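Proteins get letters first, then strands, A, B, ... in listed order; numbering begins at 1 in each. All figures in this text were calculated on a predicted structure; none of them were measured in a lab. All values below were derived from every heavy atom in this structure, side-chain atoms included, with hydrogens, water molecules and symmetry-related copies excluded.
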Protein chains: 2
Amino acid sequence: MRQAEFDRQQVLRSAMTAFLAKGYSKTSMQDLTKATGLHPGSIYCAFENKRGLLLASLEQYRLDRNSEFEQFFDADNKAIINLKHYLDFIVSQCLSCDTNQACLLTKALNEIAEQDEEVQQVICSHLTTWQQAIAAQIALAQSQGDISPSKDTEHLGRYIVMGIYGLRTFAHTHPKACELEQLADQLLKDICANR
Amino acid sequence: MRQAEFDRQQVLRSAMTAFLAKGYSKTSMQDLTKATGLHPGSIYCAFENKRGLLLASLEQYRLDRNSEFEQFFDADNKAIINLKHYLDFIVSQCLSCDTNQACLLTKALNEIAEQDEEVQQVICSHLTTWQQAIAAQIALAQSQGDISPSKDTEHLGRYIVMGIYGLRTFAHTHPKACELEQLADQLLKDICANR
DNA sequence: AACTTACTTGAATGATCATTCAAGTACTTT
DNA sequence: AAAGTACTTGAATGATCATTCAAGTAAGTT
């Protein structure tokens, strides 16, 4: 047996960058060979086809975002503080002009939504897992007295996720930084409000 | 002079449907000739190229959404009631499987965002106008005593718009109808909350 | 009715696309 | 060191793409 010469993670992260810059459809195999450094034959050998490379990239994206998420919420702060830092981080991503800071899951979901059922299923499953992780942090904040325990945890989780989706799209309209920050603050306030 | 034989509005609405179904990139000229009933030469004569057809479709979309918006808010109800009906309508669109009920502006914005500056400019300008129209209705609701007048009208407008963007993306993950309705209700509640 | 003008038609064009595959290369095993 | 195995290479392939344009057709004008 002979080992593949390329670093799989590095290749997938390069592919992610390419897909984020142009979207799946507009990213040509030529773009992908340039971005990854792999020749067409190697890509097809390792990932079957362009769609397979997208699926593998989505999986790598999930792993990367998972460990990023854990870094935010493993801190010894209260859950509500970590949540605020996490939202601040997302706002800073939204304000960045670097396309690589966008969310591959929502980008791909918007583009391929009704076209490819399997890709959609994979994306939805990742997003749902993420939503549950956020809900778990909200539950923690409820137990720590920062959010009313009488509120529906799952509903609050969906509300935050909806808000983050909204922030990402809103950011495409080039709002002022302070406006985006204000929206994120409002979102968190509404979650915590005692009503 | 000889008049063109096709109905411009009808052609543009067919093009909108095609773009909404597949996205701009994946919609081929063949798709567009089939959808509009026009031959390639006629499309190029009338709209210059595929991109020109998109721009014309975006303009028609703006006109159509404008009159739709006016229908919702010309009613003799209180502004807050109209706003609720409008949100209900958007939720019902989100729940529909008909791709034609999606928003062409946000769909195109997500797809072409950083690729075509002029298209982005056009889309952002339409979305900003829409946001201002919503803010105007919020101002009305404030004057009618349904929303605290001390709140920043523009901020509330942005918040509702962010929420609608979020609802649209969230809907792609196939949530239950009641969950989406609950999110829209929460959005309106948070706007009206007295804090 | 003849002419001019402008729209319609749809096959042709050249570019670009994803994908293939046979030849080349390097690692592993014997 | 020789043989076998699997990865790499990149030009070739056929499909599909947006776009063009010359011929055809119908309306308006004289």
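If you measure from atom CZ of Phe47(A) to atom P of dC7(D), you get 12 Å, rounded to the nearest angstrom. One atom, CG of Leu54(A), and another, P of dA18(C), lie 13 Å apart when rounded to the nearest Å. Taking atom CG of residue Leu32(B) and atom P of nucleotide dA18(D), one finds them 8 Å apart after rounding to whole Å. Distance, Ile43(A) CD1 to dT8(D) C1': 12 Å, rounded to whole Å. To the nearest angstrom, P of dT16(D) lies 11 Å from NZ of Lys22(B). Atom CG of Leu38(B) is separated from atom C1' of dT8(C) by 9 Å (rounded to the nearest Å). In this structure, Arg8(B) atom CZ and dT8(C) atom P are separated by 13 Å, rounded to whole Å. In this structure, the CG atom of Asp7(A) is 12 Å from the P atom of dT8(D), given to the nearest Å.
In this model, the phosphate group of dT19(D) is approached by a side-chain N or O of Tyr44(B) to a distance below 4.0 Å at OP1 or OP2. Distances shown here put every side-chain N or O of His39(A) at or beyond 4.0 Å from the OP1 or OP2 atom of dT8(D).
Ring geometry for Tyr165(B) versus Trp130(B): interplanar angle of 30 to 60°, hence tilted.
Proximity note for Cys45(A) (side chain, C-beta onward) versus dT19(D), dC7(D), dT20(C): the nearest is dC7(D). Here the nucleotide nearest the side chain of Met29(B), chosen from dA11(C), dG10(D), dA18(D), is dA18(D). The listed nucleotides are dT9(C), dA18(C), dT8(D); the one nearest the side chain of Phe6(A) is dT8(D). The side chain of Gln30(B) lies closest to dC17(D), out of dC17(D), dT19(C), dT19(D). With dT9(C), dT9(D), dA18(C) as the choices, the nucleotide that has an atom nearest any side-chain atom of Lys50(A) turns out to be dA18(C).
Place Gly41(A) and Ser25(A) on DNA chain C by their nearest nucleotides, and Ser25(A) ends up nearer the 5' end.
Between the CD1 atom of Ile112(A) and the NZ atom of Lys22(B) there is a distance of 14.0 Å, given to the nearest 0.5 Å.
Under the rule for a side-chain hydrogen bond (donor to acceptor under 3.5 Å, both in side chains), Asn66(A) has no partner lying at least two apart in sequence or in another chain. Not counting sequence neighbours, the partners of Gln142(B) by the side-chain hydrogen bond (donor to acceptor under 3.5 Å, both in side chains) test are Thr153(B).
Using a 4.0 Å heavy-atom cutoff across all strands shown, Ser28(A) reaches sugar-phosphate atoms only and no base atom. Residue contacts shown for Thr33(B) are absent, as no nucleic acid heavy atom lies under 4.0 Å away.
Annotation for Gln30(B): atom CD does not count as buried by contact number, only 12 or fewer foreign heavy atoms lying within 6.0 Å.
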